[in-house]
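Please read the structure below before turning to the comments.
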Amino acid sequence: MRWNNYETYIEIVPPKEFSFDECLIYLNRSDLEVLHRIKGDAIYKVIHGVLCSVIWANHCIKVEFLIENPTIIQREKVAQYIWEWFDLAQNLEAFYQLAIQDAVLQPLVEKYYGLRVVGVPDLFEALVWAISGQQINLTFAYTLKKRLIEQFGECVLFEEESFWQFPKVEKIAVLCVEDLKQLQFTTRKAEYIIHIAQEIMNGKLSKEQLLKMQNAEKALTEIRGIGAWTANYVMMRCLHQRTAFPITDVGLHNALKELLNLESKPTINEIEAYAVNWQGWQAYATFYLWRSLYGEKI
DNA sequence: GTCCAGGTAGTTT
DNA sequence: AAACTACATGGA
């Protein structure tokens, strides 16, 4: 991780092939998002309890601290968060080499050059978001997430505005199913989420363990409520695995249908055929396809 | 009113 | 192992 420390801000030095603007477009996709706020070119977000503004300046990601003056330890944690948030540890050269020879990916990498898998560094947040989004439309998923955060999260006030943080695991672990059902979570999702919070609390589930594992997918899918889609979604956005591939994802199917002008959504077999050339970079292929779902048609 | 949505668990062939 | 079904509720 490359970063510089200054009096009132830090700078993260990204690798080659990084477009802050492309990541910004992804982050701007829903008006119901409350974990960050975008104003002009700046992202406002509470990171590890510190309210920050994040902008692109001097070929770096500049992170200014808006309230307190964080310690060096906090600054390093914020830098680490940004590093994961924009998946900056990844060298995209190999992906682009593969993609320019692939009929599906070629137009995408040209258009969205520098886009990275925007991460969800916190495991609990990533899991809750994935479970919330199971089998419902994205707009409603965002509504559920917003309700959960505003009910159980904490917020930082700055210039008369609220900046929310995702609820702490310990707070969700002690809830009962009814508490989440009141927010319109289904019984099943309420059960899954509370159980997962408890598993994290008792140490049976952690990001550190999953990162060390050979087969994180198996460990994840052994947990009730986590199927292949959710496991791969989390492996992609939280564990930074390039080969994670939520192949049953409806968004992926719609993106392929639109991009390739198909009559109907492709079958799993058809997607596997497209993906033979994506070996090692399935997560990036998926993310670039998702990106094509908003903004003008290619 | 209809169809479908960033699926999963549980049951039945 | 593969196919079917209940779940649940909002958005378009």
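Quick note on labels: first sequence line is chain A, next is B, and so on, each numbered from 1. The figures here come from the full heavy-atom set of this structure, side chains too, leaving out hydrogens, waters and symmetry mates.
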List, with names and distances, any nitrogen or oxygen atoms from the protein found under 3.5 Å away from nitrogen or oxygen atoms belonging to nucleotides 11-13 of chain B.
none

Residue list, salt bridge (Lys or Arg N to Asp or Glu O under 4.0 Å) with A:K218, at least two apart or on another chain: A:E222
Remaining members of the apolar cluster that contains A:L51, side-chain heavy atoms under 4.5 Å: A:Y44, A:V46, A:L66, A:I67, A:V156, A:F158, A:F163
Please tabulate, one pair per line, each protein N/O and nucleotide N/O from nucleotides 3-11 of chain C that are separated by under 3.5 Å, including the distance.
from   : atom 1 : to     : atom 2 : distance (Å)
C:dG10 : N2     : A:N137 : ND2    : 3.4
C:dG11 : O4'    : A:N137 : ND2    : 3.0

Short side-chain N/O contact from A:K265 to OP1 or OP2 of B:dA5, under 4.0 Å: yes
For atom CD1 of A:I247 and atom P of B:dT8, their distance in whole Å: 14 Å
d(CH2, A:W229; P, B:dG7) in whole Å: 6 Å
A:E84-A:H240 side chain donor-acceptor pair, cut-off 3.5 Å: yes
Sugar-phosphate, base or nothing in reach of A:R29, heavy atoms under 4.0 Å: base
Euclidean distance, atom NZ of residue A:K189 to atom C1' of B:dA9 [Å, nearest integer]: 14 Å
Touch class at under 4.0 angstrom, heavy-atom based, for A:L252 against every strand present: nothing
Test item: A:I82 and A:I10 side chains (from C-beta on) under 4.5 Å apart, heavy atoms: no
Beyond-backbone contact of A:L98 with A:L105, side-chain heavy atoms, under 4.5 angstrom: yes
Pairs flagged by salt bridge (charged side-chain N to carboxylate O under 4.0 Å, His left out) wherever residues 228-249 of chain A is involved - sequence neighbours left out: none
5' precedence on DNA chain B between A:A231 and A:N254 (nearest-nucleotide basis): A:N254
Test item: side-chain donor near acceptor, A:E33 and A:S30, under 3.5 Å: no
Upstream residue (5' side of DNA chain B) when A:I223 and A:M236 are each assigned their closest nucleotide: A:M236
Pair A:D102, A:W278: side-chain N/O donor-acceptor within cut-off below 3.5 Å: yes
Pairs touching residues 153-166 of chain A that satisfy salt bridge (charged side-chain N to carboxylate O under 4.0 Å, His left out), sequence neighbours left out: A:R37-A:E161, A:K39-A:E161
Rounded distance in Å - NE2 (A:H195) to C1' (B:dA9): 14 Å
A:Y142 OH - B:dA5 C1' separation (whole Å): 15 Å
C:dA8 versus B:dT11 - spacing of their P atoms, nearest Å: 14 Å
